[in-house]
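Both counts, for ligands and for their atoms, begin at 1 and track the order of listing.
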Amino acid sequence: MLNSIVSLLTLASVAFAAPGAGLEKRIEFSGSHPPGFNITSIGILGTGCPPGTAYFVLNPDKTSVTVNFSDFIAEAGPGISISANRKACQLTLGVSVPPGFTFGVANIDHHGDYQLGSGVTASYQAIYYFQGQLVQAPASSSITGPASGEDYISRDPFDLASTVTSPCGVSTVLNINSGIRVSNSANKTASGYISMTSISTPNFQWRTC
Ligand SMILES: *[C@@H]1O[C@H](CO)[C@@H](O)[C@H](O)[C@H]1NC(C)=O
Ligand SMILES: *[C@@H]1O[C@H](CO)[C@@H](O)[C@H](O)[C@H]1NC(C)=O
Ligand SMILES: *[C@@H]1O[C@H](CO)[C@@H](O)[C@H](O)[C@H]1NC(C)=O
């Protein structure tokens with residue numbers, strides 16, 4: 001089930017880790033969060049998630065969200081239009097932040113599947129930023145075929161997770177932009193696709209401020 005893309009993504013993850021940065025101020029709420037935090041609104045918009053193809057599930061205390069997609073797929077190959085090569089979806093989360101706290105996004109879990117002919121490359125990228133801030137934190141990974149995965153699961157940590165944080169103690173808007181892309185430019189006769197079937201954002205990282 002999980003095969004080569006997982007180990008590739010793990011390698012990419014190592015490259016993105018920023019050990020030690022800001023650790024002294026970080027307070028870990030392992031698997032949890034400070035009281036007063038919750039998600040107050042959700043917007044879903046993009047070429048990968050047109051109306052009617054995405055839906056979300058909030059957990060009961062509104063502290064994490066999973067978005068499922070039925071038509072978030074990028075493909076490339078002979079006869080496939082360039083517009084199908086890349087797809088993206090932006091999640092816009094209204095977030096209630098308790099006084100004295102700030103948070104960043106440690107990582108995002110995403111699921112999907114892929115099938116890549118020889119020389120065809122698929123990539124995933126996510127960026128998150130808070131409304132009104134210029135700083136964005138990226139995470140990305142890629143794999144080149146031949147490869148197939150019925151179901152991949154990956155967890156990409158964000159670069160700068162410790163420095164891109166919400167304004168201190170005020171409610172904010174968190175934008176998470178996820179994109180998938182397939183290129184067959186190295187072998188025009190080959191084809192491939194990658195899909196995203198779900199994204200989950202349970203992994204916020206809290207600190208005092
Ligand atoms: C969300 O947090 C706000 C601010 O702390 C609080 O007033 C509200 O009741 C919370 N909502 C839920 C559903 O927990
Ligand atoms: C939505 O995605 C989650 C996480 O991948 C998965 O566990 C769940 O089964 C999906 N729901 C549906 C209806 O596909
Ligand atoms: C290009 O793709 C075709 C069709 O999948 C395959 O037969 C061929 O071996 C590939 N060529 C290279 C150089 O990978």
Self-check item: Atom CG of L45: over 12 foreign heavy atoms under 6.0 Å
Solution: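 Not more than 12 within 6.0 Å, no.
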Self-check item: Side-chain hydrophobic cluster, 4.5 Å single linkage: members besides V57
Solution: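 In the cluster with V57 are Y55.
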Quiz item: Would you say ligand 2 has an N or O under 3.5 Å from any N or O of S200?
Solution: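 No; every N/O pair is 3.5 Å or more apart.
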Self-check item: Sub-3.5 Å N/O-N/O distance, T66 and ligand 2
Solution: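 Checking ligand 2 against T66, no N or O pair falls under 3.5 Å apart.
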Quiz item: Can you find a side-chain donor-acceptor pair between N68 and S198 that sits under 3.5 Å?
Solution: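 Not at all, the side chains of N68 and S198 share no donor-acceptor pair under 3.5 Å.
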Quiz item: Side chain or backbone of F69 under 4.0 Å from ligand 2, or both, or neither, by non-hydrogen atoms?
Solution: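 None of F69 does.
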Practice problem: Identify, chain by chain and in numerical order, each protein residue with a heavy atom under 4.0 Å from an atom of ligand 3. | Solution: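 Within 4.0 Å of ligand 3, the protein residues are S118, N187, T189, A190.
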Quiz item: Under a 4.5 Å cut-off applied to non-hydrogen side-chain atoms, are F103 and F130 in contact?
Solution: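 The answer is yes, as the side chains (C-beta and beyond) meet within the 4.5 Å cut-off.
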Exercise. Carefully, step by step, assess D113 and Y193 under the rule side chain to side chain donor-acceptor pair (under 3.5 Å).
Key: CA-CA 8 Å; D113 66 339; Y193 76 86; 3.2 Å; yes
Quiz item: With no hydrogens and no angle check, is any side-chain donor or acceptor of S96 less than 3.5 Å from a backbone partner on G36?
Solution: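 Side chain of S96 to backbone of G36, a donor-acceptor pair under 3.5 Å: yes, one is there.
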Quiz item: Between H110 and Y124, is the ring centre distance below 6.0 Å?
Solution: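 Yes; Y124 has its ring centre under 6.0 Å from that of H110.
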